[in-house]
Asker: 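Submitted below is the structure of interest, expressed as structure tokens.
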Amino acid sequence: MDVDPAKAAGSFPFEGTTYHFCSAHCIEKFKTNPRRYLDPQAAPDQMPAGRYTCPMHPEIVQDGFGTCPLCGMGLEPMEVSLEDSGNPELDDMWRRFRISLLFSVPVFVLGMLMIQPVAQAVLATPAIFWCGWPIFERAGQSIRHRSPNMFTLIAMGAGVAWLFSLWQLAAGGHHAHVYFEAAAVIVTLVLLGQVLELKARARTTAAIRALLELAPKTARLEDGREVPVDQICRGDHLRVRPGERIALDGSVIDGASAVDESAITGEPVPVEKRAGSKVTGGTINGTGSFVMKVERVGRDTLLARIVQLVNEAQRTRAPIQRLADKAAAWFVPAVLAVAVIAFFAWLPHSLSFALVNAVAVLIIACPCALGLATPMSIMVGTGRGARAGVLIQSAEALETFGRVDTLVVDKTGTLTEGRPRVTAFDGDSAALRLAAGLEQSSEHPLAAAILAFARERGVEPGVARNFAYVPGLGVSANIDGQPAALGSRRLMEQLGLAVPGGPATLYLATEGRVTATFQVADPVKATARGALDKLRAEGIRVAMLTGDARPAAEAVAGELGIGQVEAEALPAAKHRFIEKLIAEGHTVAMAGDGVNDAPALARAHVGIAMGNGTDIAMKSSGITLVKGDLEGIVRARKLSKAVMANIRQNLFWAFAYNLLGVPIAAGVLYPFFGILLSPMIAAAAMTFSSVSVIANALRLRKLDL
């Protein structure tokens, strides 16, 4: 939240500054001692805490580190940063595990030798209740919130074993049959499992950290001075020497080089850059040298936006998660019921026998394996996609994309380079000045072509007032006080103007008539045909949906082998076309890059935005291709299928593990094969189940895209 110091109580050190806080609590802390929090030398633990959330329950959000009230898992920062001081939960669990191990080993030896039950009790108690205190604390929290979880079962199992052993010790003295070693070893193994799980979970954010590490901390000004990146402003000129990492987004104004953009786009071939070319922060310059003008800084840079999108995507939930949620809702009550049944079923045999089986049932059951199955795969998969230039903006889009059977593509900027050039112009310099003035406020690729053409002719754009965009048709404004419009034939017809014969891409209207025409050509992307062929080979139907003129659209469609073409479509028509396909029962993905594509992108099951397109197109989509290359669609589909296969594997083994492990722990095999499951073995198996789910998800980091 933001606070204007002019309206806030308390003493703020710098007048006229707006401060940003994560919560009202932080505002109060700030007002108590504002300079302390503005001091860059202040210790990290003195600064206001960030926001944390649960990987299994993203609806749980709080300021500062803690544990989830629903599942007991340690919360994770919502935004990963390189300045993170570490994982306090991991440090605590690691310390408790080591101390627990020191107590548990002698308890285990004494228990196996069946001697010194009093010594076992003395050694086991601190291992269980001090080292294992987080387990009991989270179990109590789960009961208060009426959300029993893994820690509920473990605390009950270890606690019952300790209480029963203490009762036996009081009743039987040195000859008592006790289970102190089982309770202590169970806690130790669970702590070990938490350590392994937390370390594995930390690796799921490796992709984000790798992206963050791409951003240089300093930049070199044109005069050679090296300054921190956060002191660079828009419009500054930076010199980039051979082999250096580019600090911020901008454009080349002098010099030339080849830039390795693989870390951002996934494309291994260096890209040639010369005056006018765009460069991206985090990419690596080749052997040349150039001067660039900074155009984006801070959170506006492409790298920062990628990190933000990946962070947000990792907190979304895939529809398949509902299956695990439903299972988890009845899981713990069902396990408790099985434990009670096992206890009373074996009670006629002996009290100790019944207790061991009931405790084994409580310990071996692991709802965390079910809960982690989906979010871990989503986290690792979205990170892997980001490293390949495929930004997944929601887990639902990632899940759905693998089922898509129809791909609808825009033409300009999607199938074509989106950098058209004027190939013919019929008009004078005054008309060109008007056209350039109209296009100066437009983001459409054709606008860039007109402006470039004007620069080549040495014509300055006119000054535009009252600029208006007519979706799918063109633009209008007052240029130097003169009304003018530039757009398609349909725009001219709407204005009631006679259109001259012969093909043209754009028409300029002023003084109540068409005064100039432009013919613009846009080359097809080199990888478009190959990417579409791969998608068609998977049975995906491809259609073109564009607002461009039919002759130009059909020419591109013929070159790429696209059979269905919908040309001269306004945004509303594009939206209706997508709706029609969905009504026919198709699962539809729409790929586009312009403002006029936004309604169709939002209506499709999966919207795919080109990274070189407009912001509104990206915000209307579930997937963004950083490079704006159709090969990215092939990568995204491969990623979707791999992630969903990984999730299904995790869910299968989580369900299978519990369906097999719980009955065995209850002793169903004992009457036939004499097989019983020790609570200690059950604890090891429970630990393995959670860690194995995370380990399987981590395999996605090496997915070949």
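Quick caveat, the model's predicted, so the values are computed rather than measured.
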Asker: When you compare the side chains of E566 and T546, does any donor N or O come within less than 3.5 Å of an acceptor on the partner?
Answerer: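 Judged by distance alone, the side chains do not pair up.
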
Asker: Grab the two heavy atoms, one from L438 and one from S476, that are nearest each other, plus how far apart they are.
Answerer: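 It is CD2-C, 3.6 Å.
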
Asker: Taking C-beta and beyond as the side chain, do P500 and Y507 meet within less than 4.5 Å on heavy atoms?
Answerer: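 SC-SC contact between P500 and Y507 confirmed.
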
Asker: Can you tell me if D223 has over 12 outside heavy atoms packed within less than 6.0 Å of its CG?
Answerer: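 Yes, the 6.0 Å shell around CG holds more than 12 heavy atoms from other groups.
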
Asker: Could you list the residues that satisfy side-chain hydrogen bond (donor to acceptor under 3.5 Å, both in side chains) with R274, not counting sequence neighbours?
Answerer: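 Scan of R274 (side-chain hydrogen bond (donor to acceptor under 3.5 Å, both in side chains), adjacent residues dropped) gives none.
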
Asker: Strictly by modelled atom types, are T527 and E631 linked by a side-chain donor-acceptor pair under 3.5 Å?
Answerer: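 Note: T527 and E631 side chains miss the donor-acceptor criterion.
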
Asker: Between V409, L532, T416, which is the residue that forms a side-chain contact (heavy atoms from CB on, under 4.5 Å) with L560?
Answerer: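 When V409, L532, T416 are each tested with L560, the side-chain contact (heavy atoms from CB on, under 4.5 Å) holds only for L532.
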
Asker: Only one of K278, E295, K273 forms a side chain to side chain donor-acceptor pair (under 3.5 Å) with S251, so which one is it?
Answerer: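 Exactly one pass, corresponding to E295.
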
Asker: Looking at residues at least two apart in the chain, or sitting in another chain, which of them share a salt bridge (Lys or Arg N to Asp or Glu O under 4.0 Å) with R550?
Answerer: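 Once residues adjacent in sequence are excluded, the partners of R550 under the salt bridge (Lys or Arg N to Asp or Glu O under 4.0 Å) criterion are E554.
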
Asker: Run the salt-bridge test on K293 and D236 with the 4.0 Å N-O cut-off and return the result as yes or no.
Answerer: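 Salt bridge between K293 and D236, a charged N being under 4.0 Å from a carboxylate O: no.
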
Asker: How close do P420 and L446 get, heavy atom to heavy atom, and via which atoms?
Answerer: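 It is CG-CD2, 3.6 Å.
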
Asker: If you count heavy atoms of other groups shown closer than 6.0 angstrom to CZ of R421, is the number above 12?
Answerer: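 No, CZ of R421 has 12 or fewer neighbouring heavy atoms, counting only those of other groups under 6.0 Å.
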
Asker: Do L508 and V514 come within less than 4.5 Å of each other through their side chains, counting heavy atoms only?
Answerer: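 L508 does not reach V514 side chain to side chain.
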
Asker: Do NZ/NE/NH1/NH2 and the carboxylate oxygens of E538 and K638 come within less than 4.0 Å?
Answerer: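 Not counted as a salt bridge, because no side-chain N and carboxylate O are separated by less than 4.0 Å.
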
Asker: Would you compute the distance between atom CG of L221 and atom NE2 of H237 and round it to the nearest 0.5 angstrom?
Answerer: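 One finds 10.5 Å between CG of L221 and NE2 of H237.
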
Asker: Determine, step by step, whether F290 and D254 satisfy the side chain to side chain contact (heavy atoms under 4.5 Å, CB included) criterion, reporting the C-alpha distance in whole Å, the side-chain angles of both residues, the deciding distance to 0.1 Å, and the verdict.
Answerer: CA-CA 6 Å; F290 59 86; D254 184 40; over 6 Å; no

Asker: Looking only at the side chains, is there a donor atom on one of S488 and E568 sitting less than 3.5 Å from an acceptor on the other?
Answerer: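 The answer is no; no qualifying pair exists.
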
Asker: More than 12 non-hydrogen atoms from neighbouring residues, nucleotides or ligands closer than 6.0 Å to CD on Q231, yes or no?
Answerer: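 More than 12 heavy atoms, drawn from other residues, nucleotides or ligands, come within 6.0 Å of this atom.
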
Asker: If only side-chain N and O atoms count, and only distance matters, is there a donor-acceptor pair under 3.5 Å linking T280 with E261?
Answerer: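 Per modelled atom types, E261 and T280 side chains form no pair under 3.5 Å.
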
Asker: Cut-off 3.5 Å, side chains only: do N285 and S257 have a donor facing an acceptor?
Answerer: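 Side chains of N285 and S257: pair found under 3.5 Å.
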
Asker: Please find the pair of heavy atoms, one from A484 and one from I479, that lie closest to each other, and give the distance.
Answerer: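 Between these two residues, the closest heavy atoms are CB-CG1, 4.4 Å.
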
Asker: In chain order, what residues pass the side-chain hydrogen bond (donor to acceptor under 3.5 Å, both in side chains) check against S289, with sequence neighbours excluded?
Answerer: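 Expected list: none.
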
Asker: So that I can tick it off, tell me whether E460 and R455 are bridged by a salt bridge, with the cut-off set at under 4.0 angstrom between side-chain N and carboxylate O.
Answerer: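 No, this pair does not count.
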
Asker: Please determine if R465 and D480 form a salt bridge, counting it only when a charged side-chain N lies under 4.0 Å from a carboxylate O.
Answerer: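 No, this pair does not count.
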
